[in-house]
Amino acid sequence: MELQKTHLYNFHKSNGHLIDFAGFEMPIWYDGIISEHLAVRNDVGIFDVTHMGRCIVEGKGAADLLNYILTRDVASSSIGQGRYSVMCNENGGIIDDLVAFRLEDEKYFMVYNASNRKKDFEFIKKNAQSFDAKVKDVSDEIVMVAVQGPKSVNVLQNISDSDLSSIRYYWGSWVNIEDQKVFITRTGYTGEDGFEIFLWDTPLTEVEKAERFWQIILGAGREYGIKPIGLGARDTLRLEAGMCLYGNDMNEDTTPLESRLSWVVQFEKKDFVGKKALLRQKSEGIKRKLAGFRLLEKGVPRPGNKILFDGKEIGQLTSGTFSPLLRYGIGLGHVFLKYAELGTQVDISIRNKTIKAEVTDIPFYDTLKYGRKRQNV
Amino acid sequence: MKESYDIPNNLQYTSKHEWVKVIDGGNAIVGITDYAQKMLKEVVYVELPSIGKKATKGESCAIAESVKSVSDIYSPISGEIFEINEELENEPDLINKEPYEQGWLFKIRINDKKELDELMNSEEYEKHIEALSKS
């Protein structure tokens with residue numbers, strides 16, 4: 001099957017190294033994962049995330065439909081407000097994680113993982129039949145760009161008349177970026193302050209419009225050292241921030257309660273898919289839980305590495321990498337509750353060598369110095 | 001993206017991008033080429049063989065990792081490893097900065113000098129990587 005391309009493919013091809021990601025030919029890195037990663041942590045970076053899935057849910061029953069398929073209440077969202085949530089199956093297993101923005105009283109905009117584009121859309125559509133709501137896949141009609149890092153607001157403010165700093169975390173707004181009207185949200189997948197920008201009504205035939213928009217932001221960011229960022233650094237950034245990756249750290253066999261996402265499950269709202277199973281798990285208590293691990297010796301942990309306690313396997317890493325900021329190995333994995341306590345000493349088995357590690361808090365970095373809540377920017 | 005690669009003419013090469021420099025008659029220094037380090041990019045961890053290990057030509061005897069990839073390094077010749085570059089433990093990116101100098105990997109006592117005849121010279125290696133970048 002031929003790989004899909006985003007509008008910005010030509011830029012990626014001439015400036016980066018390409019890989020197949022969820023059926024898309026996307027840049028893994030341009031400059032190098034470490035330099036790109038540090039640009040976002042310290043300054044600012046721009047990502048093409050057009051490959052992600054997007055749909056519009058519209059109609060009198062839109063809020064009811066979403067409240068039935070999402071674990072979080074989005075009927076109480078204000079217009080412009082977004083909420084991070086998961087969508088579960090009847091067993092409470094996670095179908096996907098996503099963000100739902102309320103655009104109008106009866107109109108929502110959903111953004112979900114590239115790898116789940118088809119599955120999510122079909123799940124939403126199937127459930128929509130029982131509600132007075134229509135679902136439209138707009139994945140191929142919107143260019144999506146993320147601008148992330150402590151300087152992201154400075155970069156975009158250079159080219160917008162709206163006060164971008166007043167947009168609250170997880171809220172969105174229609175603004176002009178130069179002469180282009182866009183929907184911009186204070187969201188991201190890096191742990192840093194930043195924005196995701198949606199260039200509406202831009203089908204794949206409008207490559208030039210997308211390229212021009214991308215170059216406008218690159219130009220505005222030059223004085224702040226903006227870099228284009230590939231999927232390699234996108235992964236290390238989210239992992240340092242302790243954010244789960246669908247397919248690695250969560251899937252249809254793990255529940256939000258086990259994946260440190262209890263805060264997106266609102267049992268007090270009416271029936272929703274998976275509620276019964278999740279309530280049962282809540283009252284019985286979870287057995288396993290996602291924990292963060294940091295290596296105390298040299299080595300690079302990878303997904304699939306065994307986690308050992310006293311020589312016995314207690315779980316496997318679902319994510320793992322060398323942290324470009326901290327300069328040591330970090331990872332995530334599900335383990336029985338008693339091993340998930342901070343400071344628990346474990347070993348990670350890498351190519352049959354055991355490397356000392358310990359359970360550590362996430363985000364992995366010092367949140368006073370890095371991330372969107374940092375002090376003294 | 002177009003890259004150019006440094007290929008010193010006083011070294012010998014393997015098709016898997018290791019270089020060999022013969023020193024004091026029966027010994028050799030081994031490392032990876034400029035092409036290999038550019039492919040790997042940003043080496044963050046190197047696992048070297050232990051001293052005394054008997055390496056066999058063509059078999060994996062070291063590992064270099066970047067943030068996203070794990071690459072085997074194959075011994076270009078058979079023999080006993082008698083010294084490893086311990087600097088790489090704390091500064092693995094020496095491989096990126098100086099692949100032919102400070103970024104060397106290990107020294108090996110050559111078992112059979114005839115194996116050296118099977119390695120490529122710099123011209124042959126240059127053709128080899130040209131062919132790779134075309135494919």
Side-chain angles (χ1 to χ4, degrees), chain A residues 10-21 26-39 228-240 245 295 297-305 319-331 348 350-355, chain B residues 1-5 17 32 34-53 55 59-75 81 84-99 103 105-106 129 132-135:
Chain A
N10 289 336
F11 179 89
H12 305 325
K13 177 138 179 80
S14 40
N15 295 282
H17 291 247
L18 306 179
I19 55 154
D20 168 9
F21 179 82
M26 295 297 287
I28 179 80
W29 51 269
Y30 302 92
D31 233 30
I33 294 174
I34 295 177
S35 52
E36 291 167 29
H37 179 109
L38 295 176
I229 313 294
L231 294 176
R234 182 166 162 85
D235 189 52
T236 53
L237 285 159
R238 69 89 195 167
L239 185 49
E240 268 182 6
L245 171 62
L295 262 55
E297 299 174 308
K298 290 200 191 310
V300 185
R302 308 282 182 187
N305 288 162
S319 283
T321 192
F322 173 81
S323 160
L325 180 72
L326 305 167
R327 313 293 301 174
Y328 50 71
I330 58 171
I348 305 290
I350 305 177
R351 290 185 295 271
N352 298 319
K353 262 194 185 173
T354 54
I355 309 289
Chain B
M1 285 203 303
K2 274 244 151 65
E3 290 261 26
S4 65
Y5 307 104
H17 316 291
I32 65 167
D34 187 38
Y35 175 86
Q37 73 82 11
K38 282 184 171 133
M39 288 293 118
L40 272 170
K41 196 91 189 172
E42 297 169 327
V43 177
V44 296
Y45 178 70
V46 185
E47 198 172 287
L48 291 171
S50 43
I51 290 171
K53 183 193 157 76
E59 284 185 8
S60 170
C61 72
I63 282 164
E65 298 197 42
S66 65
V67 177
K68 271 281 158 206
S69 70
V70 182
S71 302
D72 280 300
I73 295 166
Y74 303 93
S75 189
I81 311 282
I84 55 172
N85 185 357
E86 286 169 358
E87 298 291 320
L88 294 178
E89 193 186 329
N90 289 317
E91 271 189 86
D93 62 342
L94 283 175
I95 290 179
N96 299 113
K97 289 177 186 153
E98 297 188 12
L105 297 172
F106 55 82
I129 56 176
L132 286 180
S133 39
K134 270 178 205 150
S135 64

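Keep in mind that this is a model prediction, so the values were computed, not measured. Chain identifiers are assigned alphabetically (A, B, ...) following the order of the sequence lines, protein sequences preceding nucleic acid strands; residue numbering begins at 1 within each chain.
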Problem set entry | Portion of B/Glu47 that has a non-hydrogen atom of chain A nearer than 4.5 angstrom | side chain

Exercise. Considering only heavy atoms, which portion of B/Lys41 lies under 4.5 Å from any heavy atom of chain A: side chain, backbone, both, or neither?
Worked result: side chain

Problem set entry | Side-chain donor or acceptor of A/Glu36 paired with backbone N/O of A/Asp31 under 3.5 Å | yes

Problem set entry | N/O donor-acceptor pair under 3.5 Å between B/Asn96 side chain and B/Val43 backbone | yes

Exercise. Which region of A/Ser35, side chain (C-beta onward) or backbone (N, CA, C, O), has a non-hydrogen atom less than 4.5 Å from a non-hydrogen atom of chain B, or is it both or neither?
Worked result: both

Problem set entry | Part of A/Arg302 lying under 4.5 Å from any heavy atom of chain B | side chain

For this session: Heavy-atom pairs under 4.5 Å with chain B are the metric here; pick the option from A/Ile28, A/Ile34, A/Thr321 that has the most.
Result: A/Ile34

Problem set entry | Over all atoms of both residues, closest heavy-atom pair of A/Ser319 and A/Leu239 | CB-CD1, 3.8 Å

For this session: Identify the two heavy atoms, one from A/Ile350 and one from A/Val300, that lie closest to each other, and give their separation to 0.1 Å.
Result: CD1-O, 3.7 Å

Problem set entry | Mutual orientation of the aromatic rings belonging to B/Tyr5 and B/Tyr35 [parallel < 30°, tilted 30-60°, perpendicular > 60°] | perpendicular

